[in-house]
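In what follows, a single structure is set out as structure tokens and then discussed.
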2 protein chains.
Amino acid sequence: MPKPGPRLRLVDVAERAGVSLATASRALAGRDGVSEEVADRVRQVSRELGYVANPFARTLAGGASTTVGLVVHQVDDPYFSEIAGGVIQLADQQNLLVQICHSGRDPDHELRQIRHLIAQRVGIIIIAGSGYSDPRLEAEAKAELGAYQQAGGRVAVIGRHSLGADAVLPDNEAGGLALGSHLLQLGHTRIAVVAGTEALTTVADRLAGVAAALHGHGLSLAGLPVVHTDFIREGGREAAERILRDHPDTTAIIALNDAMAMGVLSVLRERRIPVPGRMSVVGFDDVSVAADLAPALTTVRLPMTDMGRMALELALKPRAARSRRRSTGHRLIVRDSTAAPGHLPPYSPHS
Amino acid sequence: MPKPGPRLRLVDVAERAGVSLATASRALAGRDGVSEEVADRVRQVSRELGYVANPFARTLAGGASTTVGLVVHQVDDPYFSEIAGGVIQLADQQNLLVQICHSGRDPDHELRQIRHLIAQRVGIIIIAGSGYSDPRLEAEAKAELGAYQQAGGRVAVIGRHSLGADAVLPDNEAGGLALGSHLLQLGHTRIAVVAGTEALTTVADRLAGVAAALHGHGLSLAGLPVVHTDFIREGGREAAERILRDHPDTTAIIALNDAMAMGVLSVLRERRIPVPGRMSVVGFDDVSVAADLAPALTTVRLPMTDMGRMALELALKPRAARSRRRSTGHRLIVRDSTAAPGHLPPYSPHS
DNA sequence: ATAGATTGCGAAAGCGCTTTCGTAAGCGCT
DNA sequence: AGCGCTTACGAAAGCGCTTTCGCAATCTAT
């Protein structure tokens with residue numbers, strides 16, 4: 001790995017401005033103890049020379065860190081990249097740098113990333129994405145982050161409530177309920193759920209919402225196929241194939257996120273199963289492409305960009321005595337992937 | 001901004017291992033000048049104590065930087081997030097941290113981000129996304145990066161050739177040619193091009209390919225509507241509306257990236273213009289959702305994930321005397337959004 | 001006027017690491 | 001035994017910044 005070379009230092013600026021190093025530092029940091037006149041001169045020289053402070057030295061010397069670490073499950077998943085977009089939007093305004101780390105949906109890796117960020121001494125850590133239901137791992141992460149916060153670090157989490165930090169929380173349960181109710185009202189009863197990894201709390205929450213909807217109609221989740229696979233497109237594909245094979249009379253599929261819904265749709269398209277004619281499909285999140293899919297996906301909208309922004313806002317605010325929670329709105333977006341059942345004869349794998 | 005608190009330092013490890021600070025540093029860095037026995041002891045203690053070096057101090061002291069800065073035009077554009085995925089994949093393997101910055105497609109902002117990364121003393125900078133045709137800005141960025149490389153920094157660029165650095169280059173012109181030829185062979189002649197920002201070199205290259213295809217069939221780009229808008233979905237929408245208004249007899253639209261193609265498709269869907277029956281549409285890039293669109297998009301596939309990986313590989317290799325170029329394959333992927341023209345009567349805005 | 005409180009600034013001490021330089025010990029050679 | 005040469009390690013100097021501390025100079029109060 002290379003090492004960068006000589007650069008303009010603060011001493012150079014100080015010299016050119018005819019002041020001491022200390023004064024120059026104070027002037028640029030906006031600390032007082034410097035006359036307006038001198039401060040102006042320093043700022044002026046600094047601008048002329050195009051001086052940019054070395055953040056490593058600054059941080060090392062105990063200065064404030066200006067980078068925010070963002071941990072996501074997967075960078076190239078639209079759900080996370082939209083959240084990242086929101087974080088970056090606000091960070092840019094505040095002149096903060098965002099460092100994105102991805103955990104690959106592996107709780108151990110996530111913990112390692114968090115440790116790394118803490119070691120980096122970033123000032124703010126934002127953790128996006130569902131928590132894991134393994135209590136040991138959550139506890140470990142929580143302890144690590146607790147010490148970090150104790151030491152002055154700021155933490156905010158998105159879509160997760162178990163980390164003892166300020167949180168931005170979509171109402172996953174209510175969303176699940178809305179989705180379930182929508183399908184039930186259309187008249188579906190043979191509903192299958194593509195649930196994603198069992199280890200994710202988000203999955204559990206959304207599932208609980210679906211269960212509640214069913215309960216309201218005198219049905220139960222226990223009687224329906226619930227397939228746990230990976231929380232990504234490929235997982236949706238697998239689940240869809242299993243459902244078509246084992247429960248060919250299913251008329252509606254609830255995927256607990258849009259990525260999996262896209263996988264489901266792709267399988268249905270390959271098999272030429274009409275959506276929504278023969279099968280209704282719903283997703284969750286409303287990622288930006290959901291509206292462009294074939295057919296346009298009925299889903300629950302979460303304001304991902306706002307969620308990212310809100311999380312950074314929370315982290316930026318002075319730390320409160322107890323962790324704050326901000327919940328986000330959600331809205332059922334009905335598009336073309338759902339309809340009443342029974343428009344077409346049921347699918348037969350051998351036809 | 002908070003400052004993190006006290007942490008385990010290298011001296012602590014050294015003390016516990018009964019060696020000097022210097023020896024501990026050497027042992028952990030794998031430098032020689034330390035006996036195997038002592039080195040083992042230090043590593044052992046370090047592991048037991050869970051020591052993680054402070055990268056700021058390390059970098060400041062002239063050590064190797066382990067973070068790579070990735071500059072993209074827009075984080076939440078799938079084209080870039082797939083590239084980022086590739087970079088991160090390899091970086092993770094190499095135990096490097098990736099810091100993603102986005103420039104918002106603004107060359108000035110991009111330059112600022114680059115300066116920031118250099119100031120951060122990251123060891124590697126990867127710049128993804130088209131260059132700008134403004135020669136002044138490119139020159140400035142090039143100068144900045146040149147000095148950085150002079151000083152030992154590593155730079156790689158993706159899809160851009162003007163920065164005097166190792167580059168991963170998709171053959172945009174050949175891709176444009178493939179797209180043009182495909183439509184011409186289907187029999188289209190009233191083709192419109194949705195070109196994206198004029199200031200991007202990628203746009204110019206792809207356009208040149210289209211022009212070459214036309215030329216081969218005795219046609220010329222000059223005779224066709226070429227609409228320059230933003231290189232994103234919304235730009236595609238605008239362009240599509242303009243084309244439908246001003247050139248209602250168009251039978252095929254070439255969008256120079258998938259994002260804009262998605263915008264085009266969304267407008268056509270709203271107006272209930274059948275694709276490909278009445279209008280064929282092609283994109284460029286083959287982002288992962290392209291296959292799931294309505295209809296599935298005919299496009300040119302670029303291996304974005306590989307491109308990200310390749311760029312980091314190039315940057316990791318010892319610097320060559322002159323900048324290296326690796327070109328990527330591309331492949332026309334014919335899906336359902338293209339067909340021969342004239343299957344249906346032309347669109348009339350007043351029907 | 002003089003003591004005490006401000007204010008504006010410079011000197012210098014770190015932050016935690018890497019690296020250079022110096023030294024003591026161990027080696028083979030004459 | 002004496003010489004150089006290598007090897008293993010410690011002391012100490014910095015990397016570029018922030019901050020504490022102390023000292024003039026200036027100001028307020030008596």
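Every chain is numbered from 1, with letters handed out A, B, ... down the list of sequences.
- Salt-bridge annotation for E313(B) and K317(B): absent, with no side-chain N of the basic residue lying under 4.0 Å from a carboxylate O of the acidic one.
- Side-chain N or O atoms of D166(B) include none that pairs as donor or acceptor with a backbone N or O of A315(B) at under 3.5 Å.
- If you take CG of L10(A) and C1' of dG16(D), they are 8 Å apart, rounded to a whole angstrom.
- The side chain of R31(B) lies closest to dT19(C) when the candidates are dC17(C), dT19(C), dC9(C).
- Listed pair S25(B) / dC17(C) fails the phosphate criterion, with no side-chain N or O lying under 4.0 Å from OP1 or OP2.
- Between Y51(A) and dG16(D) there is no side-chain polar atom (N or O) within less than 4.0 angstrom of OP1 or OP2.
- Residue order along DNA chain D, read from the 5' end via each residue's closest nucleotide, puts E36(B) first among A22(A) and E36(B).
- A sub-4.0 Å separation between OP1 or OP2 of dC9(C) and a side-chain N or O of S35(A) is present.
- Taking atom CG of residue L21(A) and atom P of nucleotide dA12(C), one finds them 12 Å apart after rounding to whole Å.
- The CG-C1' distance, from L8(A) to dC15(D), rounds to 15 Å in whole Å.
- Listed candidates were dT19(C), dT18(D), dC9(D). Nearest to the side chain of T23(B) is dC9(D).
- Base pairing of dT30(C): its partner is dA1(D), meeting the Watson-Crick or G-U wobble criterion (both donor-acceptor distances under 3.5 Å).
- We find that CZ of R58(B) is positioned 16 Å from C1' of dC15(C), with the value rounded to whole Å.
- A straight line from CG of L28(B) to C1' of dT18(C) spans 12 Å, rounded to a whole angstrom.
- A salt bridge does not link R9(B) with E15(B): none of the charged nitrogens is closer than 4.0 Å to a carboxylate oxygen.
- Inspection of the Q89(B) and Q93(B) side chains reveals no N or O donor paired with an N or O acceptor under 3.5 Å.
- Atoms CD (E37(A)) and C1' (dT7(C)) sit 14 Å apart, rounded to a whole Å.
- Checked by distance alone, R26(A) brings a side-chain donor or acceptor within 3.5 Å of a matching partner on the base of dG10(C).
- dC15(C) atom C1' lies 14 Å from atom CG of D12(B), rounded to whole Å.
- Relative ring orientation between H73(A) and F80(A) is described as tilted, the plane-to-plane angle lying within the 30° to 60° band.
- To the nearest angstrom, P of dG8(C) lies 14 Å from CG of D40(A).
- If you check dT18(D), dC17(C), dT20(D) against the side chain of R9(B), the one that comes closest is dC17(C).
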